[in-house]
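Below: the structure, in structure tokens.
Nothing here was measured: the structure is a model prediction, and the numbers come from that model.
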Amino acid sequence: MNGVNKTLYIPLYGKSEISRKGVIIKDEKAEEIWKKEGFELKGKARSKWLCYYMSMRAAVFDSLTSEAASGDTDALVIHIGCGLDSRIIRTGNKENLWYDIDFPEVIAERKKYFSETEKYKMLPADASETSWITALPDSPRAVIVMEGVSMYIPPEKVRRLFEALGNKFGEVKIFADVYTVFAAKATKYKNPINEVGVNEVYGVDSPQEYESEKIKFKAEHTMTPERLINELSGFDKVFFKAVFAGNATRKIYRLYEFGSK
């Protein structure tokens, strides 16, 4: 795998570690895969604080996905940049047709641990392009999740991707986390992804940079909600809240919701 693909092991490790602790997220599949894969992570990529943060981020994306698809069995769920994530299992979604999307080599690895069903499909594709969208089935509505993806794609390509998804489906909701411009510049020196050889990422300071005629910014969501911080205790809770939550983190990292006009 190349450097970008190897970044999938960082959240996988984080979720497996925190799942074992019994807080924030329960992810037995991450525990299983990490035990078998044993990919070597070094430095900041193994940080306890990053593990907490990755797990909270995943739990928030789980909730947003479930809420958006709840009661709407006609909606297609699309997880772009799925890596080895088990969101389909954690959300317990068995009603919606669900597509997990990632590079061919990632999907090949993923198929060692996940099996397709009538309701669950895996599609090899490069998210920086749009041609793969034609392989998706038609649907009146789509819920699209892009966790840990936008920062590896130039903003103009993210905008084109959003636009193409908006044109494919009658109505869409898109959830995407993004780096700010400052974070993208600082990443060359201070980011756990450096540990797996990635130094070039992209950021935006305004969600409007991703808008098109049909797709508009709708809301910003926190990746560190109080309810999840409260699952920590003692020094961990105090330190995490002071350093990794609120405005301090928002200066470098944000979670946006986009949708049809």
Side-chain angles (χ1 to χ4, degrees), residues 11 15 19 24-30 54-102 110 114-123 125 127 132-150 161-178 207 210-231 254-261:
K15 285 174 287 189
S19 179
I24 302 173
I25 196 168
K26 186 59 180 175
D27 196 335
E28 293 177 350
K29 179 62 76 170
M54 293 289 95
S55 298
M56 285 192 193
R57 183 184 77 175
V60 169
F61 269 100
D62 288 354
S63 295
L64 291 171
T65 306
S66 293
E67 290 167 9
S70 178
D72 187 2
T73 56
D74 290 333
L76 176 65
V77 179
I78 306 166
H79 184 181
I80 300 174
C82 59
L84 295 175
D85 185 79
S86 62
R87 177 156 292 118
I88 179 69
I89 298 174
R90 293 196 306 271
T91 59
N93 190 309
K94 297 180 180 180
E95 302 298 323
N96 298 87
L97 179 58
W98 185 303
Y99 271 74
D100 274 344
I101 315 291
D102 215 315
R110 184 177 181 85
F114 298 86
S115 299
E116 292 188 324
T117 67
E118 183 180 350
K119 288 286 190 178
Y120 173 65
K121 308 295 180 183
M122 290 176 275
L123 179 65
W132 59 271
I133 294 174
T134 60
L136 296 172
D138 292 331
S139 176
R141 291 171 297 282
V143 176
I144 299 150
V145 181
M146 287 180 59
E147 179 187 4
V149 176
S150 72
L161 176 62
F162 285 7
E163 183 177 28
L165 289 165
N167 290 334
K168 170 71 174 179
F169 304 106
E171 181 181 342
V172 299
K173 285 187 178 180
I174 303 172
F175 301 103
D177 53 337
V178 307
Y210 291 151
E211 290 186 335
S212 62
E213 183 177 348
K214 184 174 181 179
I215 302 301
K216 302 298 180 184
F217 168 69
K218 298 297 183 180
E220 182 175 345
H221 300 278
T222 177
M223 286 181 278
T224 54
E226 195 78 17
R227 63 181 176 83
L228 293 179
I229 294 175
N230 286 339
E231 294 198 27
R254 301 171 189 175
L255 170 53
Y256 294 136
E257 175 183 343
F258 299 86
S260 303
K261 183 176 178 181

Review point. Should F217 and Y210 be marked as a ring pair (Phe, Tyr, Trp, His ring centres under 6.0 Å) after you check the CA-CA gap, both sets of side-chain angles, and the distance that decides it?
Key: CA-CA 8 Å; F217 168 69; Y210 291 151; over 10 Å; no
Exercise for review: Would you mind reporting whether R254 and E220 have side-chain heavy atoms less than 4.5 Å apart?
Suggested key: yes
Exercise for review: Report the C-alpha distance between H221 and Y256 in whole Å, list the side-chain angles of each, state the deciding distance to 0.1 Å, and finish with yes or no for side chain to side chain contact (heavy atoms under 4.5 Å, CB included).
Suggested key: CA-CA 6 Å; H221 300 278; Y256 294 136; over 6 Å; no
Review point. Can you tell if the side chain of L123 reaches within under 4.5 Å of the side chain of L136, non-hydrogen atoms only?
Key: yes
Check your understanding: Is the side chain of D102 donor-acceptor paired with the backbone N or O of G83 at a distance under 3.5 Å, no angle test?
Key -> yes
Review point. Around atom CD of E95, are there more than 12 heavy atoms of other residues, nucleotides or ligands at under 6.0 Å?
Key: no
Study note, to complete from the structure: Nearest heavy-atom contact between I25 and A59 is CD1-N, 4.2 Å
Review point. Is the closest side-chain heavy-atom distance between T117 and W98 below 4.5 Å?
Key: no
Review point. Is the shortest heavy-atom distance from the side chain of T222 to the side chain of V60 under 4.5 Å?
Key: no
Practice item. Drop me the distance from M56's CE to I24's CD1, to the nearest 0.5 angstrom. Key: 4.0 Å
Point to revise | Modelled atom types, side-chain donor and acceptor of D100 and Y120, under 3.5 Å | key: yes
**Study point:** Straight-line distance of N167 CG to S212 OG, nearest 0.5 Å
**Key:** 7.0 Å
Check your understanding: CZ of R141 to CG of N96: how many Å apart, nearest 0.5 Å?
Key -> 10.0 Å
Review point. What closest approach, in Å, do I80 and A127 show between heavy atoms, and which atom pair accounts for it?
Key: CG2-CB, 3.5 Å
Review point. If you look at every heavy atom in K29 and F114, which pair is closest and at what distance?
Key: CG-CZ, 3.6 Å
**Study point:** Result of checking D177, D85, D62 against R57 for salt bridge (Lys or Arg N to Asp or Glu O under 4.0 Å)
**Key:** D177
Point to revise | Minimal non-hydrogen separation, R87 against E147, with atom names | key: NH2-OE1, 2.6 Å
**Study point:** Pair S63-R227, side chain to side chain contact (heavy atoms under 4.5 Å, CB included): steps then yes or no
**Key:** CA-CA 12 Å; S63 295; R227 63 181 176 83; 3.4 Å; yes
Study note, to complete from the structure: Value for OG1 (T65) from NZ (K173), rounded to nearest 0.5 Å, stands at 11.0 Å
Point to revise | Rounded distance (nearest 0.5 Å) linking atom CD1 of I174 with atom OG of S260 | key: 7.5 Å
Review point. Under 6.0 Å from the six-membered ring centre of F162 and within 45° of its axis: does the NZ or CZ of K216 meet both?
Key: no
Review point. Between the side chains of N93 and S66, is a donor N or O closer than 3.5 angstrom to an acceptor N or O?
Key: no
Review point. Is the CD atom of E116 crowded by more than 12 outside heavy atoms at less than 6.0 Å?
Key: yes
Review point. Taking it one step at a time, do L255 and V178 satisfy side chain to side chain contact (heavy atoms under 4.5 Å, CB included)?
Key: CA-CA 6 Å; L255 170 53; V178 307; over 6 Å; no
Point to revise | Min side-chain heavy-atom separation E171-P140 under 4.5 Å | key: no
Practice item. Measure from the side-chain N and O atoms of S19 to the backbone N and O of D27, and report whether any donor-acceptor pair falls under 3.5 Å. Key: yes
Check your understanding: For T134 and K168, which heavy atoms make the closest approach, and how far apart are they?
Key -> O-NZ, 4.1 Å
Exercise for review: Mind listing the closest non-hydrogen atom pair of K214 and G166 along with its distance?
Suggested key: NZ-O, 2.6 Å
Study note, to complete from the structure: Paired with L76, the side chain to side chain contact (heavy atoms under 4.5 Å, CB included) test is passed by just one of I78, D72, D74, namely I78
Practice item. Could you check if a side-chain atom of R110 sits within less than 4.5 angstrom of a side-chain atom of M122, using non-hydrogen atoms only? Key: yes
Check your understanding: Is any side-chain heavy atom of P11 less than 4.5 Å from a side-chain heavy atom of K15?
Key -> yes
Exercise for review: Begin with the C-alpha distance, continue with both residues' side-chain angles, and end with the deciding distance and a verdict on side chain to side chain contact (heavy atoms under 4.5 Å, CB included) for H79 and I88.
Suggested key: CA-CA 9 Å; H79 184 181; I88 179 69; over 6 Å; no
Exercise for review: Determine whether P137 and Y99 make a side-chain contact, defined as any pair of heavy atoms from C-beta on separated by less than 4.5 Å.
Suggested key: yes
